[in-house]
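Step one of this worksheet: look at the structure below.
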Amino acid sequence: MAGDGTLALAALLLHAVAFLVLAVAAPLRRLGRPAGYVSILCAAGSLAAAVLSWRAHAGEAISRLVWTWLPTEGQTLATVGVLADADSTLMLTLVALVALLVQVYSLGYLSDESAPALGRYYAYQSLFAFSMMGLVLAPNFVQLFICWELVGLCSYLLIGFWYQRPAAARAALKAFWITKAGDVGFLIGIVLLWRHTGTFDLAEMRVLAGNGAIPLAGLAVITFCIYLGAVGKSAQFPLHIWLPDAMEGPTPVSALIHAATMVTAGVYLLHRTDWLFALTPDVLAIVVWIGAFTALLSAVLACVQTDIKRVLAYSTVSQLSYMMAAIGAGFSAAGFFHLLTHGIFKALLFLGAGAVIHAAHSNDLTDMGRLARRMPQTAIVFTVGALSLAGLPLFAGFLSKEEILGAVRAGGFTAPFAMLILVAFLTAFYMFRVVFLAFFAEPVALHAGAPVAAGVGAHASHVADAGHHASHAAAGVAAHEPHEPPASMLLPLWVLALLSVAIGVYFTFVHPEPEFTSPAWLMPVAVGSAVAGILLAWATYQRRAIDAASLAAAFGPIYRSALARFWIDDVFERAYLLAILGFSRVIGWIDRYLVDGVLNMLSAWTVTAADDLRTMQSGRAQDYVYGIAVGLLVLLLWVQFG
């Protein structure tokens, strides 16, 4: 099978075709479900092409299929096309798979959406997948940045899909502007790197780096600027604050953003350019420390959430930070491995959460309980996702999590390694807190939770998807009874659950050759940490042997700080009010009183002078004769004596 890049290009263009058809054919888009069928058909074709391309590029095969885009005198400034290799086609397959399953799932999840809105939704979904695939396959930084910005635009459109709700509109804007703060640094880094190397082409830069031809002077500033783009997209501290609020969008959108598109872009960027970052070890050390700190911070925040989607959102921040830590330690393959496995089970968890919301008509864990009796299939698949996220053997996250821990330790980062071990414990705790509260425990008020209900957990996002599904409950009493979702939603859940188990079983028994050697005690410690977290969640929320309120009180200052999200959002809000709005007020005063004042004064003088000059035109002939006589007299005097 030839690895010429054609199949990868086909996978990319099929989503573009779906978007263009739905964008141009307005009557089709307004039909709703038929628009969805067009998008799903193209997504299925894209997945088939992506899988074939991945098989063609297994091993060392690399394909470039590019066209001249920005020609200049004597050279080509940029090209457009695809750069296909083992990593890019594997990521391409993940994006295509999750995009297809999310679109199929959306047929059931958004079944009560109006037809025009549903058509708009599928058009956005197709553009989103196309944009991410274009980023993944980009042969140069110019195409990568354009697709990077398109990904941000699509996330804005989909997070704010229910734009009639103020909370959704605000969340979309927050995501857009927070990520743009990082994108400014990214753009600066790209331009500086072009000045540094004379090219935007990734393959050419890699050759230069391998030959030691990239000057090291100033390179750390460049790579740090590029890293800022990843900080925004992949929600690293302090730009992580947009991601939990992005839960205002439909749950299938959350699954796509968290598993395969928006937030994975930053991690993929750093993995794709690891050869460049390897030249600046100081920047890599920053990546490790910020990654470990963000992982711990977001894991603590996940422990106090009562919104099921917000728990998963903070979990994504934490897991992305795991990946960043491995890349910063110098082992980007470990981070990329976890990116792939995480994409499968995080999509499963979000779509499973959507099924729970669909049944319970609420995002709030305090409104759930004992759902496993009425939703056994959903309970099974969600538990599979939770076990994968906890990193237990035979599940997808097991080996990839171990590789990250081993990578950080092998890199010599002892403190970040200890932080990530603690995160492994907290991850298992907060995920099985959700499992027990939603599926197995009695539906009672959250024991740690009367204070939580007044804090961050009671955020307006409780009504995001729940409000959308409230119309189901209005159909009658029977609609209030929790029930399994329709087949269009269950099928993607089972596909992802089976993949999570299959990947976990395979990698439990077939270990790929790592880039480092891990000590024998690492695996028992990591697995033991996860098991301890699960047992604590069971004893607290299922068995009730430990009082949840007492457990929260034992961590009083941390617990209260976590409820306030450690006031990081407040700092940003205050900075916005003082810096942005304050600056705007100063500029407004200058515009109003200086710029407008000067212009108004000049216009007033002009009007006054015109009024004075107007009196010279009286309309009486004798006045003009007198004027001519005076003028002649002055002229004669000037000629005589001048």
Side-chain angles (χ1 to χ4, degrees), residues 251 254-255 258 299 301-316 318-319 342 344-360 362-398 401 423-449 452 457 482 484-485 490 493-494 496-497 500-501 504 527 529-546 548 551:
T251 299
S254 302
H258 287 247
L301 288 169
C303 290
V304 303
Q305 305 300 309
T306 61
D307 184 324
I308 187 172
K309 287 179 64 178
R310 281 179 174 264
V311 175
L312 297 179
Y314 280 115
S315 168
T316 298
S318 185
Q319 296 302 303
H342 175 266
I344 299 296
F345 61 74
K346 185 50 64 71
L348 171 61
L349 286 168
F350 265 106
L351 297 183
V356 172
I357 295 167
H358 187 270
S362 174
N363 293 34
D364 198 327
L365 290 167
T366 61
D367 296 330
M368 303 173 192
R370 302 301 294 270
L371 291 177
R373 290 158 57 173
R374 297 186 178 275
M375 306 175 65
Q377 295 188 65
T378 303
I380 291 170
V381 297
F382 193 90
T383 303
V384 167
L387 289 166
S388 299
L389 182 56
L392 293 190
L394 304 180
F395 295 94
F398 165 60
K401 184 191 75 173
V423 171
F425 166 78
L426 293 174
T427 300
F429 171 75
Y430 67 66
M431 274 315 305
F432 277 85
R433 170 177 172 265
V434 172
V435 169
F436 293 128
L437 287 172
F439 294 103
F440 300 105
E442 291 293 336
V444 295
L446 194 59
H447 283 213
V452 177
E484 290 285 14
L490 275 176
L493 288 172
W494 277 109
L496 291 167
S500 296
V501 174
V527 174
S529 299
V531 172
I534 294 172
L535 290 176
L536 180 59
W538 173 79
T540 306
Y541 300 104
Q542 180 67 29
R543 185 67 183 270
R544 305 270 162 77
I546 299 174
L551 183 63

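What's counted below: heavy atoms across the whole structure, side chains too, no hydrogens, waters or symmetry copies.
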Is any side-chain heavy atom of [X] closer than 4.5 Å to a side-chain heavy atom of [Y]?
| X | Y | answer |
| --- | --- | --- |
| Ile534 | Leu392 | yes |
| Leu387 | Phe432 | yes |
| Met431 | Phe382 | yes |

Please assess Val381 against Leu496 for the test side-chain contact (heavy atoms from CB on, under 4.5 Å), listing each intermediate value before the final yes or no.
CA-CA 8 Å; Val381 297; Leu496 291 167; over 6 Å; no
Roughly how far, to the nearest 0.5 Å, is [atom2] of [Y] from [atom1] of [X]?
| X | Y | atom1 | atom2 | answer |
| --- | --- | --- | --- | --- |
| Leu348 | Thr383 | CG | OG1 | 9.5 Å |
| Leu312 | Gln305 | CG | CD | 10.5 Å |
| Arg370 | Phe440 | CZ | CZ | 9.5 Å |
| Asp307 | Ile357 | CG | CD1 | 7.0 Å |
| Phe436 | Trp538 | CZ | CH2 | 8.0 Å |
| Ser388 | Ile344 | OG | CD1 | 10.0 Å |

Mark yes or no for whether [X], through its side chain, and [Y], through its backbone, hold a donor-acceptor pair below 3.5 Å.
| X | Y | answer |
| --- | --- | --- |
| Gln319 | His342 | no |
| Ser315 | Val311 | no |
| Ser318 | Tyr314 | no |

Locate the shortest heavy-atom distance separating [X] from [Y]; write the atom from each residue and the value.
| X | Y | answer |
| --- | --- | --- |
| Ser362 | Met368 | O-CE, 3.3 Å |
| Ala441 | Tyr541 | CB-O, 3.3 Å |
| Ala299 | Tyr430 | O-CD2, 3.7 Å |
| Gly391 | Phe398 | O-CD1, 3.4 Å |
| Glu484 | Thr378 | OE1-OG1, 2.7 Å |
| Cys303 | Arg433 | O-CZ, 3.4 Å |

Donor-acceptor pair between Asp364 and Thr366 side chains, under 3.5 angstrom
yes
Derivation of the side-chain contact (heavy atoms from CB on, under 4.5 Å) call for Trp494 and Gln377
CA-CA 9 Å; Trp494 277 109; Gln377 295 188 65; 2.8 Å; yes
Take His258 and Leu349 through the test side-chain contact (heavy atoms from CB on, under 4.5 Å) and record every step on the way to the result.
CA-CA 10 Å; His258 287 247; Leu349 286 168; over 6 Å; no
Could you go through the side-chain contact (heavy atoms from CB on, under 4.5 Å) check for Thr427 and Lys401 one step at a time?
CA-CA 12 Å; Thr427 300; Lys401 184 191 75 173; over 6 Å; no
